[in-house]
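Shown next, in structure tokens, is the structure this report addresses.
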Amino acid sequence: MTDQNPDRPDAPRGCPVAHGSADLVRLYGPEAETDPRGIYERLRKEHGSVAPVLLEGDIPAWLVLGYRDSRRVLDNPRQFARDGRTWRHWREGRVADNSPLIPMLAWRPDCVSQDGEAHRRLRGAVSDGLQSAADRGIRRHATHFANKQIDAFADAGRADLVTDYADLLPMLVTARILGLTEAEGRRLVASCAQVMKGGEDAVEHDGVIREIFSELAERRRSEPASDLATGLLEHHAELDHDEVVLHLRAVLIAAHVTTSLLARVLELILTDDARYSGLISGQLDITAVMEEAMWNSPPLAVLPGRFAAGDVELGGHHIEEGDLLVLGLGAGNADPEVRPDPDVSVHGNQSHLAFGAGPHECPGQSIGMSIIEVAVDVLLHRLPSLRLAVPTEDLSSTASTWMTLLDHLPVEFDV
């Protein structure tokens with residue numbers, strides 16, 4: 001937008017045109033790290049269901065806070081495209097090549113960045129590969145790595161279930177599915193975390209991920225195996241090298257998101273005796289706890305991103321062609337218009353936004369939920385005396401633009 005006059009009388013409510021950039025709220029930095037929910041609610045009061053914000057590098061975007069507006073964006077790729085090449089600020093050269101936004105928002109030849117027929121071709125290959133992986137025994141891999149991680153701390157009587165368990169288990173299972181060695185999977189844990197955290201090293205770590213998967217794809221061309229890398233290479237959709245590499249990357253990033261959900265599920269269990277005893281006795285199904293976590297603490301608090309295919313009105317605001325929109329999944333789940341009483345049980349209600357919606361809804365969600373179910377089951381049965389080692393109020397979280405992560409979950413148990 002070229003007119004930066006804050007007194008412009010015809011500027012729609014909340015439009016960045018009507019605000020100097022210094023007035024816009026940043027979704028990164030000290031306040032965003034410690035109180036993202038406070039920011040979302042303040043923006044909702046000031047701007048309604050859509051609010052102008054700044055992302056890293058002070059790049060303007062629209063944060064969609066309303067549940068119904070999020071569904072409108074997610075369900076309508078013709079109006080709100082996923083193709084980052086339409087991003088106006090990127091086309092104008094305002095986004096640096098080393099911006100931490102690039103790994104999350106830039107166009108890539110994968111199904112995440114495509115719409116229409118290209119998206120269907122690529123997503124079909126990924127979905128087929130993930131289904132084959134599930135058929136080969138996700139629960140068996142999850143059980144193996146759950147026991148291996150527990151073995152590492154079982155004799156100590158203490159552990160941090162974030163760093164010792166949740167941060168690693170989904171990643172190690174996914175690495176096995178993709179075709180990586182366990183060592184490669186452990187190496188990628190830190191790189192995935194850095195990409196999602198943002199900051200100056202995000203692009204470098206994204207390069208590490210791509211390099212490892214490029215080597216895997218080359219290896220599988222001559223040494224095929226029963227894994228997703230081979231499945232993508234041999235699929236009838238005829239993916240090229242870059243498409244294979246970037247879809248392996250996309251699945252790995254999704255697995256990193258699952259680490260946050262697992263941590264939140266464990267937090268819910270260990271901070272409520274009724275949940276804990278209900279799971280142990282079989283009176284409560286782990287699915288109910290996962291649903292609660294997905295409503296109240298979705299693994300992606302903010303989903304990147306969509307780009308306006310043309311000028312459009314959304315939530316009472318004028319969105320210009322090429323504008324970036326990011327979806328506040330956590331804020332949408334808490335929207336008082338669809339959830340006026342947050343204390344009412346959400347058991348059996350799967351209409352949350354935790355996995356997105358529309359054509360780009362996460363295709364691997366059933367695998368992630370299976371991993372979490374096994375992770376909880378193995379942990380509670382191996383360590384029946386498991387208990388939180390600190391008061392509940394001592395638990396803390398740190399947010400990036402995209403995720404709000406539980407910092408630690410210290411526990412103790414009888415040896």
Side-chain angles (χ1 to χ4, degrees), residues 71-87 90-91 102-136 138 174-175 177-180 192 195 206 209-222 224-258 300 303-310 322 324-325 327 355-368:
R71 286 303 305 259
R72 177 185 168 189
V73 172
L74 293 168
D75 291 339
N76 290 280
R78 290 188 178 182
Q79 279 190 312
F80 304 99
R82 191 58 187 87
D83 189 337
R85 293 171 296 189
T86 64
W87 184 11
W90 176 79
R91 294 199 317 263
I102 292 295
M104 303 304 296
L105 293 167
W107 182 88
R108 298 177 297 273
D110 61 16
C111 64
V112 178
S113 298
Q114 316 268 5
D115 293 305
E117 182 55 39
H119 171 259
R120 286 188 287 273
R121 177 181 76 89
L122 296 170
R123 184 183 170 95
V126 174
S127 297
D128 290 346
L130 290 175
Q131 183 59 55
S132 296
D135 292 343
R136 288 193 292 269
I138 293 295
T174 303
I177 294 168
L178 296 176
L180 295 169
C192 278
V195 167
D206 192 50
I209 296 170
R210 294 184 189 219
E211 180 181 359
I212 289 175
F213 282 131
S214 182
E215 293 171 357
L216 173 62
E218 290 295 341
R219 193 159 68 239
R220 286 293 177 258
R221 287 188 187 279
S222 56
S226 297
D227 53 36
L228 182 59
T230 302
L232 293 177
L233 286 165
E234 296 179 349
H235 196 270
H236 59 79
E238 298 183 342
L239 277 64
D240 63 27
H241 179 82
D242 286 344
E243 289 172 339
V244 170
V245 168
L246 288 165
H247 284 96
L248 294 173
R249 171 194 178 275
V251 173
L252 188 79
I253 295 292
H256 177 74
V257 172
T258 303
L300 271 179
L303 176 68
R306 299 295 186 270
F307 308 92
L324 165 64
L325 301 97
L327 290 303
F355 295 118
H360 287 275
E361 183 175 352
C362 176
Q365 55 189 271
S366 62
I367 290 177

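Only this structure's heavy atoms are used, side chains among them; waters, hydrogens and symmetry mates stay out.
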Practice prompt. Check salt bridge (Lys or Arg N to Asp or Glu O under 4.0 Å) between R120 and all other residues, then give those that pass, not counting sequence neighbours.
Written response: E117
Worksheet, complete the sentence: Residue set satisfying salt bridge (Lys or Arg N to Asp or Glu O under 4.0 Å) with R72, at least two apart, ordered chain then number -> none
Just verifying a value: how many Å separate [X] [atom1] and [Y] [atom2], rounded to the nearest 0.5 Å?
X: H235; Y: L228; atom1: NE2; atom2: CG; result: 10.5 Å
X: I177; Y: S132; atom1: CD1; atom2: OG; result: 11.5 Å
X: L105; Y: R306; atom1: CG; atom2: CZ; result: 10.5 Å
X: D242; Y: R249; atom1: CG; atom2: CZ; result: 12.5 Å
X: I209; Y: L248; atom1: CD1; atom2: CG; result: 11.5 Å

Worksheet item: Would V244 and H241 satisfy side-chain contact (heavy atoms from CB on, under 4.5 Å), going step by step from the backbone distance to the final call?
Response: CA-CA 5 Å; V244 170; H241 179 82; 5.9 Å; no
Discussion item. So which atom in P77 and which in D115 form the shortest heavy-atom distance, rounded to 0.1 Å?
Written reply: CB-OD1, 3.5 Å
Discussion item. Testing the basics here: between I367 and L130, what is the closest heavy-atom pair and its distance to 0.1 Å?
Written reply: CD1-O, 3.6 Å
Donor-acceptor check, side chain of [X] to backbone of [Y], threshold 3.5 angstrom: yes or no?
X: R78; Y: A309; answer: no
X: T230; Y: R220; answer: no
X: S214; Y: R210; answer: no
X: S113; Y: P109; answer: no
X: R91; Y: G322; answer: no
X: Q365; Y: C362; answer: yes
X: R121; Y: A237; answer: yes
X: H247; Y: E243; answer: yes

Worksheet item: When you look at M104 and V195, which way does the side-chain contact (heavy atoms from CB on, under 4.5 Å) test go after all the steps?
Response: CA-CA 8 Å; M104 303 304 296; V195 167; 4.0 Å; yes
Worksheet item: Would you say the side chain of F213 lies within less than 4.5 Å of the side chain of L252, judging by non-hydrogen atoms?
Response: yes
Worksheet entry | ring-ring contact (aromatic ring centres under 6.0 Å, His included) partners of H360, counting only residues at least two apart | H119
